[in-house]
Visitor: 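Structure provided below as structure tokens; questions to follow.
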Amino acid sequence: MSAWDVIREELEKKSVFRGKESLTPEFLPEKLPHREEQLRELVAMFKHLAISPGSFSQKVLLVGSVGTGKTVTARIFGRDFTRVLLRHGLSVKYVHINCHRNRQLYNIVLDIARQMNIPLPNRGLSAWEMYLAILNHLDEANSYAIVALDEFDYFARISGKDAVYFLVRTYDEYADMIKRINFIFITRDPSNLSLLDSATESYLLRHIIKLSPYTSRELLDILKYRAGQAFYEGVVEEDAIKYIAELEGYDRGGRGNARFALELLMLAGEIADKEGSPKVSVEHVRKAVTTLSPDIINVSDAIYYLPLHELLLLWAIVRLLKRTKMSYVSMGDAEAEYITLCESIGEQPRRHTQVYEYAMNLKRASIIDTKTSGKGQRGRTTLLSIKYGPLDALEKLIEDLVAKKRGELS
Ligand SMILES: Nc1ncnc2c1ncn2[C@@H]1O[C@H](COP(=O)(O)OP(=O)(O)OP(=O)(O)O)[C@@H](O)[C@H]1O
Ligand SMILES: [Mg+2]
């Protein structure tokens, strides 16, 4: 077949998908089945913005295990709450900060300013000056803000308590200031609250909204709704959706993770397309199950936003673990492998202290585990490990991301 024909054939190939992008994690659906209660709780906690704006600065904690809809619930609340208030002539901005992407105070403040379209001078401002500019801007525009710190624990672990304190305790010493900034803290694990100062911690414990893992019944509704948007009508067999819902439903021994359920559905659709099948069946889901690793999906967000050299160090660790078939590798070996890897792809390797810092960042993001070896001949060494897998799938993900990041940088 000529290249021309191959291209034509691929372009004309029928797909089961009507809009595949609606299944990606960034997509915001119109409805949120089974999260109405949490939406109501959020509205109740931010009601002061409608009735007595500026009276106080609210802080709310959103907790739930992986894929329970924390991010999407916060984003949709932010999108629609601010729209409703605008109808009443109140200007409230919603800002969603992904702390995997922005883990330094400076970058977080910069992102808040950007998302609020606040013009900043070209000369480098400090985090504090930028924060003042944001507060001033809100004053001048007579508007308010809700800032969601998604996976805030990552930010707190890397930048420290003081950095979080800087953001959230703004008004503590100024009783009569108009309180314009409010916060939503998002985390998978409430024990992360200990990363905050004790006043914020105890406040948040009293303003907590919990998202439970989804049951199979709930997942069924969610999958049906999302499949209706992503696929042509009648393409996904009812049994295929049921299969996923029962596999992942918390009441059936699954994790209740909607992210995993939706990824499975998308992958099953892609497999159906590849096979030229007009329907998505249970068999396609079964095939999808064998290739998708729930453990890797858990960390995929964290990995996605890693800076290039942290990603390269992670890749080096994966390669070593695969090659040595050991459960741990030493920091020294990992660094040597990292240098070889950098050289083989034409990247300048970073210095030793920097590489050590990368390893600590990977640990803080729960992407790797570390321990110190018992005293050996050369004293104590740090040992690195990855407690999930399969490593082949992880390596594939890293390889794709490295290629993507290097493409963006050049
Ligand atoms: N009730 C729901 N209705 C429709 N889609 C949902 C619902 N809950 C979750 N989703 C979808 O499931 C996926 C995972 O949700 P989300 O990213 O909000 O989970 P999360 O709790 O933030 O997970 P993580 O801890 O991994 O960050 C997203 O694509 C989201 O749109
Ligand atoms: Mg999330």
Side-chain angles (χ1 to χ4, degrees), residues 17 19-42 60-80 94-103 148-155 184-192 208-231 236 241 244-245 247-250 254-269 292-305 365-367 388 397:
F17 291 106
K20 192 154 102 183
E21 53 311 322
S22 78
L23 284 179
T24 56
E26 305 83 61
F27 181 84
L28 287 191
E30 264 321 298
K31 287 194 288 184
L32 268 187
H34 303 291
R35 285 295 176 242
E36 197 182 304
E37 195 189 315
Q38 285 78 11
L39 274 176
R40 285 183 194 281
E41 288 179 68
L42 278 166
V60 171
L61 178 68
L62 214 54
V63 285
S65 59
V66 52
T68 50
K70 299 179 294 297
T71 300
V72 74
T73 304
R75 279 190 186 274
I76 288 187
F77 163 74
R79 182 192 68 191
D80 293 350
Y94 175 79
V95 174
H96 194 99
I97 304 289
N98 180 320
C99 296
H100 279 300
R101 191 203 306 252
N102 300 300
R103 46 196 189 176
L149 296 171
D150 203 344
E151 320 252 3
F152 79 88
D153 38 298
Y154 197 40
F155 164 46
I184 299 177
F185 286 76
I186 302 176
T187 183
R188 286 181 187 170
D189 184 357
S191 71
N192 286 325
I208 197 168
I209 298 178
K210 288 192 183 126
L211 287 78
S212 318
Y214 290 115
T215 64
S216 33
R217 186 68 247 164
E218 291 171 336
L219 284 176
L220 193 67
D221 291 337
I222 293 169
L223 286 163
K224 272 192 185 155
Y225 166 56
R226 302 289 301 258
Q229 296 185 306
F231 294 88
V236 187
I241 291 196
I244 301 177
L247 182 77
E248 193 54 32
Y250 192 61
R255 287 157 305 241
N257 177 345
R259 173 201 300 275
F260 186 68
L262 289 170
E263 294 259 1
L264 267 184
L265 181 64
M266 179 150 97
L267 189 55
L292 211 58
S293 157
D295 300 339
I296 293 177
I297 296 227
N298 280 359
V299 289
S300 61
D301 258 14
I303 293 179
Y304 190 85
Y305 291 114
S366 310
I367 296 170
Y388 51 89
L397 172 75

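Predicted model only: the values in this text are computed from it and were never measured. First listed ligand is number 1; within each ligand, the first listed atom is number 1. Hydrogens, waters and symmetry mates play no part in the numbers below; they use all other heavy atoms, side chains included.
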Visitor: Is Y214 reaching over with its side chain to a backbone N or O of T68, donor-acceptor style, under 3.5 angstrom?
Guide: yes
Visitor: Which heavy atom of the protein is the closest neighbour of atom 23 (O) of ligand 1, given with residue, atom name and distance?
Guide: G67 N, 2.9 Å
Visitor: Drop me the distance from L267's CG to L264's CG, to the nearest 0.5 angstrom.
Guide: 7.0 Å
Visitor: Determine, using heavy atoms of E151 and all atoms of ligand 1, whether some pair is separated by less than 4.0 Å.
Guide: yes
Visitor: Is there at least one pair of N or O atoms, one from R188 and one from ligand 1, spaced under 3.5 Å apart?
Guide: yes
Visitor: Can you name the nearest heavy-atom pair linking D295 to Y388, along with the distance?
Guide: CB-CB, 3.5 Å
Visitor: For the residue pair K70 and T187, what are the closest heavy atoms and their distance?
Guide: CD-O, 3.5 Å
Visitor: Under 4.0 Å, counting heavy atoms only: does G64 come that close to any atom of ligand 1?
Guide: no
Visitor: P25 heavy atoms, cut-off 4.0 Å: which ligand 1 atoms fall inside?
Guide: 29 (O)
Visitor: Counting only N and O atoms by type, is there a donor-acceptor contact under 3.5 Å from the side chain of Q38 to the main-chain atoms of K210?
Guide: yes
Visitor: Minimum heavy-atom separation for C99 to Y154, with atom names?
Guide: O-CD2, 3.3 Å
Visitor: Report yes if some N/O of T68 lies less than 3.5 Å from some N/O of ligand 1; otherwise report no.
Guide: yes
Visitor: Before signing off on this row, confirm whether D301 and ligand 1 have an N or O atom pair separated by under 3.5 Å.
Guide: no
Visitor: Among V72, D150, V66, I222, whose heavy atom sits nearest atom 18 (O) of ligand 1?
Guide: V72
Visitor: Against ligand 1, does H34 come closer than 4.0 Å with any heavy atom?
Guide: no
Visitor: Give a yes or no on this: more than 12 heavy atoms of other residues, nucleotides or ligands lie within 6.0 Å of atom OH of Y305.
Guide: yes
Visitor: Of all heavy-atom pairs between F260 and E248, which one has the smallest distance, and what is that distance?
Guide: CD2-OE1, 3.2 Å
Visitor: With a 4.0 Å heavy-atom cut-off (strictly under), which part of L262 contacts ligand 1: side chain, backbone, both or neither?
Guide: side chain
Visitor: Tell me the closest heavy-atom pair linking P29 and R226, and the distance in Å.
Guide: CG-NH1, 3.6 Å
Visitor: Of the choices S22, A258, P33, G69, which has the non-hydrogen atom that lies closest to atom 1 (N) of ligand 1?
Guide: P33
Visitor: Closer than 4.0 angstrom: is that true for some heavy atom of Y225 and an atom of ligand 1?
Guide: no
Visitor: Determine the minimum heavy-atom distance between S216 and A245, stating which atoms define it.
Guide: CB-O, 3.1 Å
Visitor: Which protein heavy atom lies closest to atom 31 (O) of ligand 1, and at what distance to 0.1 Å?
Guide: R226 NH1, 2.8 Å
Visitor: R259 versus ligand 1: do any nitrogen or oxygen atoms come within less than 3.5 Å of each other?
Guide: yes
Visitor: So which bit of R35 gets within less than 4.0 Å of ligand 1, heavy atoms only: side chain, backbone, both or neither?
Guide: side chain
Visitor: At what distance is the nearest protein heavy atom to atom 8 (N) of ligand 1, and which residue and atom is it?
Guide: Y214 OH, 2.7 Å
Visitor: In plain terms, say whether E263 and R259 are close enough for a salt bridge, that is, a side-chain N and a carboxylate O under 4.0 Å apart.
Guide: no
Visitor: Atom 22 (O) of ligand 1: which protein heavy atom is closest, and how many Å away?
Guide: T71 OG1, 2.8 Å
